[in-house]
Amino acid sequence: MYAANHWGGSFEIADGAAEDDHSRNMDLDRGALSRQQHQQHHELDETQQSWLLGPPEAKKKDKYVDLGCVVVKRKLLWWALWCVVAAFVLIGLPIIIAKSIPHKKPGPPPPDQYTDALHKALLFFNAQKSGRLPKNNGISWRGNSGLSDGSDAKDVKGGLVGGYYDAGDNIKFHFPMAFSMTLLSWSVIEYSAKYKDVGEYNHVRELIKWGTDYLLLTFNSSASTIDKLYAQVGAAKINGSQPDDHYCWNRPEDMAYRRPSLSVSSAPDLGGEVAAALAAASIAFRDNAAYSKKLVQGAATVYKFARQSGRRTPYSLRQPDIEYYYNSTSYWDEYMWSAAWMYYATGNSSYITFATDPRLPKNAKAFLSILDFSVFSWDNKLPGAQLLLSRLRMFLNPGYPYEESLGGYQNATGLNMCMYFPRFGAFNFTKGGLALFNHGKGQPLQYVVANSFLAALYADYMEAINVPGWYCGPSFMTTNDLRDFAKSQLNYILGDNPRKMSYVVGFGKKYPRHLHHRGASTPHNGVKYSCTGGYKWRDSKKADPNLLTGAMVGGPDKNDGFKDSRNTFGQNEPTLVANAGLVAALVAITNSGKGVGINAVDKNTMFSAVPPPFPATPPPPSSWKP
């Protein structure tokens, strides 16, 4: 081994040969020798300095931090930390401050014209109320009335006070009243979210309850079996000369003539409709268990009365005070209609067994494609009943043994919808585009709105199960086609017509001002006019002193013509049924608020009483006789 020599020399002893070589080299290059000696002196100086001053200064080593999964330089870690702090100060802190400042939440989209009309259409029911009115009724020119109604009905405790006046007269017809409540309840069941969004949910339910409270008075609703049903309060003779509800022109508050209570001992149609109204309302009031139960019990009682084999005569037959105004042409449609509602309200399979028994649609002529049977109205519930039962098939699809009839009902529903379109030529339309479902007779609009409701509702049913449409022969019709039809009819009513006028009082700038309506035409001036003393207001050319906001009048003729006169009651008289259909159609079509289409919650509300699963074996035959 060789030891280092800090002084520049070697500890080895050189041999002779090396010395001879050294001598020869020195002789040959003295300049090189001089340079070598200088270099040795320089290295000596550096070596001496290193010895005197100590070892050279060591480089600083990088420090590291072990984070467990990775080792990083401490400087890098500090740099990253300061970047996070800087980002928080520059970005995060301003965001926190901005979010902490209270902001006004964006409101819902502005209401469309259908919602504006809906608000007004519901007010019509407030104006038609009979009985002791609540302080918040909202119609300044109306007061208590009909407080003696039913005083001749000795079996009814407290009389028949309450309910609604039917139209421009002061008669309370229970058949169309019950149908109106059924329609309103159906619209609430399907579109409760929309009603809530537009602020009318509590209002419409209060209106329904006003009607169903009264209907519970029209029979002994606490009993399980009854033998009669009150059909109306008030009466009017055709071309009569004695004081009654047509001969006199009085505000309801000023009635001083006799108002008889008419009862019937056979009412398969009226009884079925009252049962449907109470059953439908019981679903709309499911959040009020006590009241819902009361409605169901009443519905079961009056349904049983309607179905009794010895009571199958139509309620209006040989009843001159009823027959002229609200004559019932059949009761099989009410049987189907009420059975469907009773099933949805109770879940009792006996009701759906009856509704789907093949003999029922046969007796009702439901599958014969009779043109007028495709029009939904107070006298023909077939289209509504078929759609209601189609709902069961579309959403629950119970299958055997119900499928045959349910499938037939849905096929019939599709055909009914096909008939709504002008291209298929089933019904005539005015040049302005109004469907003439009642063939150009008076009161056309009530038929238009009721069927527009069904069209919009069926479109929502299909969309809820992701079905884009259906076939009308070779033509595929979409859900948008149905909605466009319903909108076209409502648009016509609200002013998109040849006369450029609205047929809903108070909507738009131009609307009827001379209604065939006693309360609207007679001033609320503290004067009590006699039976004939009100004729001056009936015959007056002046506009109505009291605005009957939201009333939809009868409508134009088959040529889009309209006479704004109190004498043209077929055109200018509003009715309870018409406005119920209008309300239902408007809430189905409006896009205001968040509730578009039937909601998932609403879709299932109808079935909350239906006990799954459906029976896998056929139920026992029903005990009815065709």
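Heavy atoms only: backbone and side chains are in, while hydrogens, waters and symmetry mates are out.
Across all their heavy atoms, Q308 and I226 have their closest contact at NE2-O, 3.6 Å. Minimum interatomic distance between I322 and A231 (heavy atoms only, all atoms of both residues): CD1-CB, 3.9 Å. Among all heavy-atom pairs drawn from A275 and Y303, the shortest one is CB-CB, 3.8 Å. For L515 against A551, the heavy-atom pair with the smallest separation is CD2-CB, 4.2 Å. Between D333 and D379 the shortest heavy-atom distance is OD2-O, 3.1 Å. Taking every heavy atom of both residues into account, L406 and P398 meet most closely at CD1-CG, 3.5 Å.
With rounding to the nearest 0.5 Å, the separation of CG in L229 from OG in S266 is 10.5 Å. Rounding to the nearest 0.5 angstrom, the gap separating the CG atom in L457 from the CG atom in L388 is 9.0 Å. For the atom pair R391 CZ and L389 CG, the distance stands at 11.5 Å (nearest 0.5 Å). I370 CD1 to K365 NZ: the interatomic distance, rounded to the nearest 0.5 Å, is 5.5 Å.
When side chains are defined from C-beta on, S328 does not count as touching L270, because their heavy atoms never get closer than 4.5 Å. Contact of the N288 side chain with the R205 side chain is not registered, since no non-hydrogen atoms from C-beta on lie closer than 4.5 Å. By the 4.5 Å heavy-atom criterion applied to side chains, H517 and P574 are counted as neighbours. Q489 places a side-chain heavy atom less than 4.5 Å from the side chain of L434. At a threshold of 4.5 Å between non-hydrogen side-chain atoms, the residues L387 and F376 do not count as touching. You'll find the side chain of L207 reaches within 4.5 Å of the side chain of K129, heavy atoms only. With a 4.5 Å cut-off on side-chain heavy atoms, D557 and Q571 count as touching. Here the side chains of L133 and W210 are in contact, with some heavy-atom distance below 4.5 Å.
Checked by atom type, the side-chain pair S187/Y195 shows a donor-acceptor distance below 3.5 Å. No hydrogens or angles considered: nothing links the side chains of Y326 and D269 as a donor-acceptor pair under 3.5 Å. Side-chain polar atoms of Y165 and S130 form a donor-acceptor pair below 3.5 angstrom. For the residue pair D460 and Y191, a side-chain donor N or O sits within less than 3.5 Å of a side-chain acceptor on the partner. Remark: the S185 side chain and the W341 side chain contain no N/O donor-acceptor pair separated by less than 3.5 Å. S222 and N220 are linked by a side-chain donor-acceptor pair at a separation below 3.5 angstrom, with hydrogens and angles left out of the test. Residues Y291 and T212 bring a donor and an acceptor atom of their side chains to less than 3.5 Å of each other.
Here the side chain of R311 pairs a donor or acceptor atom with the backbone of S265 at under 3.5 angstrom. Proximity of a side-chain donor or acceptor of R142 to a complementary backbone N or O of N126 within less than 3.5 Å is not detected. N451 places a side-chain N or O within 3.5 Å of a backbone atom of Y447 that can act as its donor or acceptor partner. Between the side chain of Q386 and the main chain of A366, a donor-acceptor pair closer than 3.5 Å is present. Between the side chain of S221 and the backbone N or O of G298, no donor-acceptor pair lies under 3.5 Å. A donor-acceptor pair is defined here as one N or O able to donate and one able to accept, closer than 3.5 Å; no such pair exists between the side chain of N170 and the backbone of G234. Of the possible polar contacts, one joining the R518 side chain to the C248 backbone as a donor-acceptor pair under 3.5 Å is found. Between the side chain of K154 and the main chain of S151, a donor-acceptor pair closer than 3.5 Å is present. Side chain of S180 to backbone of P176: a donor-acceptor contact under 3.5 angstrom is found. Side-chain N or O atoms of S282 include none that pairs as donor or acceptor with a backbone N or O of S292 at under 3.5 Å.
Within 6.0 Å of the CG atom in N428, the count of heavy atoms belonging to other residues, nucleotides or ligands does not exceed 12. Within a 6.0 Å radius of OH in Y324, no more than 12 heavy atoms belonging to other residues, nucleotides or ligands are found. In Y257, the OH atom is crowded: over 12 heavy atoms of neighbouring residues, nucleotides or ligands sit closer than 6.0 Å. In E403, the CD atom is crowded: over 12 heavy atoms of neighbouring residues, nucleotides or ligands sit closer than 6.0 Å. The environment of K120 atom NZ is dense: over 12 non-hydrogen atoms of other residues, nucleotides or ligands sit within 6.0 angstrom.
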Evaluate side chain to side chain contact (heavy atoms under 4.5 Å, CB included) for F125 paired with L184, printing each intermediate quantity in order.
CA-CA 11 Å; F125 291 89; L184 290 181; 4.1 Å; yes
Worked check of side chain to side chain donor-acceptor pair (under 3.5 Å) between Q232 and Y315:
CA-CA 11 Å; Q232 72 183 57; Y315 92 107; 5.9 Å; no
List the steps and the verdict of side chain to side chain contact (heavy atoms under 4.5 Å, CB included) for L123 and H203.
CA-CA 9 Å; L123 286 175; H203 183 195; 4.2 Å; yes
I'd like to know whether D560 forms a side chain to side chain donor-acceptor pair (under 3.5 Å) with Y492, so could you lay out the CA-CA distance, the side-chain angles of the two residues, the decisive distance to 0.1 Å, and finally the verdict.
CA-CA 10 Å; D560 297 306; Y492 183 104; 2.5 Å; yes
Please test W249 against S521 for side chain to side chain donor-acceptor pair (under 3.5 Å), starting from the C-alpha separation and ending with a verdict.
CA-CA 9 Å; W249 194 270; S521 62; 2.9 Å; yes
Evaluate the criterion side chain to side chain contact (heavy atoms under 4.5 Å, CB included) for residue pair V587 and E200; output intermediate values, then yes/no.
CA-CA 10 Å; V587 75; E200 291 289 1; over 6 Å; no
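The aromatic rings of Y420 and F485 sit parallel, their planes meeting at an angle under 30°, below the 60° perpendicular limit. Using bins of under 30°, 30° to 60° and over 60° for the plane-to-plane angle, the ring pair H174/Y214 lands in the perpendicular bin. Between F173 and Y325, the angle of the ring planes lies from 30° to 60°, which puts this pair in the tilted group. Using bins of under 30°, 30° to 60° and over 60° for the plane-to-plane angle, the ring pair W337/F179 lands in the tilted bin.
Exactly one residue among D166, D149, D245 makes a salt bridge (charged side-chain N to carboxylate O under 4.0 Å, His left out) with K172. That residue is D149. Checked options K381, R307, R312; the residue passing with E334 is K381 (criterion: salt bridge (charged side-chain N to carboxylate O under 4.0 Å, His left out)).
Between Y351 and Y344, the ring centre distance reaches or exceeds 6.0 Å. The aromatic ring centroids of F453 and W186 lie less than 6.0 Å from each other. Aromatic ring centres of F367 and Y409 lie closer together than 6.0 Å. For Y335 and Y331, the ring centers are positioned less than 6.0 Å apart.
Using a 4.0 Å cut-off between charged side-chain N and carboxylate O, K237 and D244 make no salt bridge.
At least one cation-pi condition fails for R393 and Y402: the charged atom is not both under 6.0 angstrom from the six-membered ring centre and inside a 45 degree cone around its axis.
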